[in-house]
Number of protein chains: 4
Amino acid sequence: MKLKDELKREAIINETIAIVYAKGFAGVKMAHIAKKVDISPSTLYVYFKSKDDLISSIATDLLKNITNISQNQLKQDLPYKLKFKAIWVFYINFGINNRKEMSFITQVKQSPYFDMIPEHIRHLKSSFILDLLDEGKQQGLIKDVDNTILSALLGAFLTETIKLIDSKLLQLQEEDINTMFLLAWDAVKN
Amino acid sequence: MKLKDELKREAIINETIAIVYAKGFAGVKMAHIAKKVDISPSTLYVYFKSKDDLISSIATDLLKNITNISQNQLKQDLPYKLKFKAIWVFYINFGINNRKEMSFITQVKQSPYFDMIPEHIRHLKSSFILDLLDEGKQQGLIKDVDNTILSALLGAFLTETIKLIDSKLLQLQEEDINTMFLLAWDAVKN
Amino acid sequence: MKLKDELKREAIINETIAIVYAKGFAGVKMAHIAKKVDISPSTLYVYFKSKDDLISSIATDLLKNITNISQNQLKQDLPYKLKFKAIWVFYINFGINNRKEMSFITQVKQSPYFDMIPEHIRHLKSSFILDLLDEGKQQGLIKDVDNTILSALLGAFLTETIKLIDSKLLQLQEEDINTMFLLAWDAVKN
Amino acid sequence: MKLKDELKREAIINETIAIVYAKGFAGVKMAHIAKKVDISPSTLYVYFKSKDDLISSIATDLLKNITNISQNQLKQDLPYKLKFKAIWVFYINFGINNRKEMSFITQVKQSPYFDMIPEHIRHLKSSFILDLLDEGKQQGLIKDVDNTILSALLGAFLTETIKLIDSKLLQLQEEDINTMFLLAWDAVKN
DNA sequence: GATGAATGAGCGTTCATTCAT
DNA sequence: TATGAATGAACGCTCATTCAT
């Protein structure tokens, strides 16, 4: 018997993410994915039991991975501002290296597919970021503003920075990165 | 019959915007719009020659209007920071009062429909904002960072603030507005 | 605008009944029906909102009609045995003239479509037949056996007789009809 | 490995019959059968070369067996009416004990699979029953009606009786059995 | 201008069957 | 022999759009 090809599963996932990145959700057609991966449309159903399953599985995987990765990073012992910056830079890099995946998640969140993701995954929050903000507040370095609001704004800031780098308006080099970090830091610092 | 027609056209546009706000782009069905406006699907084609035309026309109109409206506002003579704040508050209010329209534009921008909007409309930028930033830089009050970048970040900040108000995490009252303004101002100020 | 064609609806219904008669339920393909009626498959959905709807609508209509027709017939004042025979002959004729429709109902009853028929239609019973049997029992002419059983057997008898006529083993003429009636009558008579 | 294979083949057959009984013909999916027998769908094709082959083989086997079984029974020397009744009771019992198999045959008969059964099997008739009827006619006990017709009616009668028992409207006890036999006997007796 | 009917193009999905091991 | 993977050929259905009045 033929062996199931894990590479094929990954190819399907990557192609789906790429299509969502390029054309948004409306552009995801099972037949289209199949053609790109060079398999028959029906073969897709060997790996995912429906389009909904395909998309929500990808979203679930991505959310899990992102949470893990960010949580496992950066437990370094540094002065607060430097630590904050290190994390900031880490996220920028992560966002750049995974822009398609990030875009996928952003789009899923404002689509009906979001409701198909298991509850406990759906509410994954980087509690890590919240901890970081708390630490800053305790040291009197961060504005006394609700964490949800601060992290939402920092998130928007980050996303926009990544977009700017993506569109070549910014470069992934020390100078630009410093500039962008300073904008973010000044916003939240006390 | 100019009057009657124009009303119907507007009804179609408003309903389309409302549906996109409620269900996202995937949910826009010509028949659905028609039913909501209480006309036949075929009548839609009297007013717009296709679905693409309907959506890109709405997007074009909205982009034009937004640019106009903001430009015609607030030429007041105030100290710079106050003027900046007044504009900031104006945009917040505008965003809240036109959240469906803003959502429509946001969604169009990441969809294939965006490419159907005439080039010159697509790139409309509030040169007004750029002027405001220039004025601040001349007075040494604003960081010496590229205007495109600053306006992009301020835009992201603004959008996020509107979302937070929309989701009741913030209130449209002086205290919260002041807090949010301070975050933005601190980010860009020198 | 084009006017909806009642004839088209009927053509769809008749074609569906004919296909079920010829090939059973497994043979009912929307595209096939459409081709036979010379319309596009999608046009079917103008008249019936799904395959389930098509089949259960037909079943519902047939059940209603059959009940009405048989109930409106034969309230004649005749000696019991003659009345019984008249009804018997009426049913034979009805079955022959509507063999496809009868076959449709028989097949629906042992298919999942039956559950889609409205409750009150599903349980339509020719209470008329039950009344007839009661009358016979009162006169001591009919065996004292449960009505449900008697009517089930008479139904099977009838169906079989129709099949035999259909397959040319019997003829729809007085002699054969009399013979068959006698078999039925002898079975139930006291 | 003859034993193991034969068991698997039988398991496939029994499962198929059970599924047809439970869900009708439309419900028979190769994958479904395979899962129930706990083999792979492809293994089914080791035993039967196609779905058509599976179903028509089963039907053929059943038809052959039924004919054989009934023929080997009941050559007892009894007064005609008692012999007739004994056979009647035998068939009732056989039908009850093999209701799934009977249902399978009934359903095959009104499906396209029937045409795939070899001609000589398709027309198997219990010549035995015909002999029984002839014997009755010779003794002047049975109506002088064509054997094909009489046996068809008796068959319908029998099937209906089995259905009634199956649905608990009748009980497999002496009283009910007697009643039903009397109905059948009265129908055909002279 | 307005509309109900009609439809072609395409979509997601199923499933009997074959392939490759 | 046994089987998981793979697939072609359908199928039911949707929907933007056009037709005919």
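Values reported hereafter were calculated over all heavy atoms of this structure, with side chains retained and with hydrogens, waters and symmetry mates removed. Proteins get letters first, then strands, A, B, ... in listed order; numbering begins at 1 in each.
The interatomic distance linking L7(A) (CG) with dA6(F) (P) rounds to 11 Å, in whole Å. When rounded to the nearest whole Å, the span between CG of L54(B) and P of dT17(F) equals 10 Å. In this structure, D52(A) atom CG and dT13(E) atom C1' are separated by 12 Å, rounded to whole Å. Atom CZ of R9(D) and atom P of dT1(F) are 13 Å apart (whole Å). Following rounding to the nearest Å, K35(B) (NZ) and dC15(F) (P) show an atom-to-atom distance of 12 Å. Protein atom NZ of K29(C) is 15 Å distant from nucleotide atom C1' of dC13(F), rounded to whole Å. Between F48(A) atom CZ and dG12(E) atom C1' the separation is 16 Å, expressed in whole Å. Residue I55(B) contributes atom CD1, which lies 14 Å from atom P of dC15(F) at whole-angstrom precision.
In the set dT17(F), dA6(F), dA16(E), the nucleotide with an atom closest to the side chain of K51(D) is dA16(E). Of the candidates dT14(F), dG12(E), dT3(E), the closest approach to any side-chain atom of Y45(C) belongs to dT14(F). When distances are taken from the side chain of D5(B) to each of dT14(E), dG1(E), dC15(E), the shortest belongs to dG1(E). For M30(D), counting side-chain heavy atoms from C-beta on, the closest listed nucleotide (dT17(E), dA5(F), dG4(E)) is dT17(E). Side chain of S42(D), nearest nucleotide from dT18(F), dA5(F), dA2(F): dA5(F). In the set dA6(E), dG4(E), dA16(F), the nucleotide with an atom closest to the side chain of Y47(C) is dA6(E).
Comparing V46(D) and A31(C) by the nucleotide of DNA chain F that holds the closest heavy atom to each, the one mapping nearer the 5' end is V46(D). Nearer to the 5' terminus of DNA chain E, by closest-nucleotide assignment, is the contact made by D38(B) (compared with the other of S50(A) and D38(B)). Nearest-nucleotide mapping onto DNA chain F: of H32(C) and L44(A), the residue sitting toward the 5' end is L44(A).
In this structure, the side chain of S103(D) does not engage the main chain of R99(D) through any donor-acceptor pair within 3.5 Å. The main-chain N or O of S56(B) is found under 3.5 Å from a side-chain atom of T60(B) such that the two form a donor-acceptor pair. K100(D) contributes no side-chain N or O that, together with a main-chain N or O of N14(D), makes up a donor-acceptor pair within less than 3.5 Å.
Within 4.0 Å (heavy atoms only), I39(C) reaches sugar-phosphate atoms of the nucleic acid but no base atom.
Side-chain nitrogen and oxygen atoms of S40(A) include none within less than 4.0 Å of the OP1 or OP2 phosphate oxygen of dA6(F). K8(B) has no side-chain polar atom (N or O) that falls below the 4.0 Å cut-off from OP1 or OP2 of dG1(E).
Base pairing of dA20(F) is made with dT3(E), judged by Watson-Crick or G-U wobble geometry with both donor-acceptor distances under 3.5 Å. Across all strands shown, dA9(E) pairs with dT14(F); the Watson-Crick or G-U wobble distances both stay below 3.5 Å.
Of all the heavy atoms in K8(B) and I39(B), the pair that sits closest is CD-CG2, 4.0 Å. Contact record, L44(C) with M30(C): CD1-O, 3.2 Å, taken as the closest heavy-atom pair.
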Check the pair V108(C), F25(C) against side-chain contact (heavy atoms from CB on, under 4.5 Å), reporting the backbone distance first and the verdict last.
CA-CA 8 Å; V108(C) 162; F25(C) 263 119; 3.4 Å; yes

